[in-house]
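Numbered from 1 within each chain, the chains take letters A, B, ... in sequence-line order.
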Number of protein chains: 2
Amino acid sequence: MTSLSIAEAAEQTGLTAHTLRYYERDGLLLQSVERAPSGHRRYSDEDLRWIEMVTRLRSTGMPIRDVRRYAALVREGDGNEADRLALLLAHREVVEQQLVEVTSHLRAIDYKIALYEGRVAPAS
Amino acid sequence: MTSLSIAEAAEQTGLTAHTLRYYERDGLLLQSVERAPSGHRRYSDEDLRWIEMVTRLRSTGMPIRDVRRYAALVREGDGNEADRLALLLAHREVVEQQLVEVTSHLRAIDYKIALYEGRVAPAS
DNA sequence: CTCTGCCTTCGAGTGCACTCCAGGTCAAGA
DNA sequence: TCTTGACCTGGAGTGCACTCGAAGGCAGAG
């Protein structure tokens with residue numbers, strides 16, 4: 001049961017301290033982070049694990065708004081697992097679709113690169 | 001050699017008319033789009049092909065600024081192919097990296113989904 | 001001739017996700 | 001005791017990529 005300062009939490013999560021405060025303010029965390037007597041935030045392992053989940057959702061492109069919704073469901077506790085699942089599945093669908101699209105665009109760019117490298121004859 | 005109105009070009013490219021004008025204003029196109037006597041834009045096949053390239057770059061996440069730089073290089077004409085190639089390769093690198101990251105985050109999310117679907121025993 | 005609708009420009013507005021600032025608190029070290 | 005540095009808050013600012021609004025031109029239908 002470690003408990004980290006905001007700077008340490010920032011290092012651990014790869015976010016900035018600014019962003020960590022912002023996420024908390026914006027309701028993306030499950031509870032308010034605990035405070036030292038000085039008022040400084042102390043991040044628990046649990047906080048860190050949740051923030052990593054948030055990071056996964058964010059870096060797969062989930063909007064803040066949806067992360068907040070997911071956090072709210074988890075915060076509510078047992079009983080809404082179906083809703084959480086639906087939210088994750090919907091997100092999964094979107095990400096999958098984006099991967100397909102980006103991959104296909106990337107192939108077209110690769111073709112262009114091949115042209116510049118003289119590995120392929122120009123189309124015209 | 002067709003020549004399309006902005007509405008038709010919008011439909012063809014999947015962009016909005018607003019966005020087409022914005023791209024032109026912002027220097028993302030190779031030349032100003034031709035005009036009908038009425039002042040209305042007329043998009044050539046060449047315009048359309050270039051806009052598709054722009055769309056590929058954009059939807060793989062290349063910033064407007066970099067697309068503008070690439071357009072400028074192409075506009076300059078022969079002699080800077082190495083620069084264009086470098087730009088595309090650098091972009092390729094970034095995209096590849098993002099694909100890896102997103103895919104790995106997606107796998108973690110899939111694990112969470114599997115938990116909610118009761119297909120896997122919880123970790124703790 | 002008037003209406004409808006698509007187009008024009010310029011400039012302002014929007015939404016998102018941070019990112020930063022000012023002014024202040026607090027604990028530890030010289 | 002003074003300074004330093006990490007942290008606090010509320011609110012403002014930033015950057016990006018659109019997105020829209022206002023005011024007007026012009027062509028074809030009725």
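Here the P atom of nucleotide C/dC18 and the CD atom of A/Glu24 are 15 Å apart, to the nearest Å. One interatomic measurement links the two molecules: OH of B/Tyr22 to C1' of C/dG11, which rounds to 14 Å at whole-angstrom precision. Between A/Arg65 atom CZ and C/dA17 atom C1' the separation is 12 Å, expressed in whole Å. The distance between atom CG of A/Leu28 and atom C1' of C/dC18, rounded to the nearest whole Å, is 12 Å. Computed from coordinates, the A/Arg68 CZ to C/dG15 P distance equals 14 Å when rounded to whole Å. Between the CG atom of B/Leu15 and the C1' atom of D/dT19 there is a distance of 13 Å, rounded to whole Å. The distance between atom NE2 of B/His18 and atom P of C/dG13, rounded to the nearest whole Å, is 16 Å. Distance B/Ile64 CD1 to D/dC16 P: 10 Å, rounded to the nearest Å.
When all heavy atoms of B/Ala9 and B/Leu4 are compared, the closest pair comes out as N-CB, 4.1 Å. Between B/Arg75 and B/Gly27, the closest heavy-atom pair is NH2-O, 3.1 Å.
A heavy-atom distance below 4.5 Å is not found between the side chains of A/Asp66 and A/His91.
Between A/Asp110 and A/Arg107 no salt bridge is recorded (no basic side-chain N to carboxylate O distance below 4.0 Å).
Other residues, nucleotides and ligands place more than 12 heavy atoms under 6.0 Å from the CD atom of B/Glu101.
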Structure string for DNA chain C in dot-bracket form, Watson-Crick and G-U at under 3.5 Å, | interchain: ||||||||||||||||||||||||||||||

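A donor atom on one side chain and an acceptor atom on the other are found under 3.5 Å apart for B/Ser59 and A/His105. Side-chain N/O atoms of B/Tyr70 and B/Arg84 include no donor and acceptor closer than 3.5 Å. A donor-acceptor pair shorter than 3.5 Å cannot be found between the side chains of B/His40 and B/Ser5.
Applying the 4.0 Å criterion to OP1 and OP2 of D/dC18, one finds that B/Tyr23 has a side-chain N or O inside that range.
Using modelled atom types, one side-chain atom of A/Arg68 and one backbone atom of A/Asp26 make a donor-acceptor pair closer than 3.5 Å.
No engagement by A/Pro37 is indicated, since no non-hydrogen atom pair under 4.0 Å with the nucleic acid exists.
Remark: nothing in residues 93-104 of chain A comes within less than 4.0 Å of DNA chain C through any heavy atom.
One distance of note links CD of A/Glu96 with OG1 of A/Thr60; it measures 11.5 Å at 0.5 Å rounding. The CG atom of B/Leu20 lies 8.0 Å from the CG atom of B/Leu29; values are rounded to the nearest 0.5 Å.
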Sugar-phosphate or base contact per nucleotide [nucleotides 5-11 of chain D; S, B, -; heavy atom under 4.0 Å]: -BSSB-B

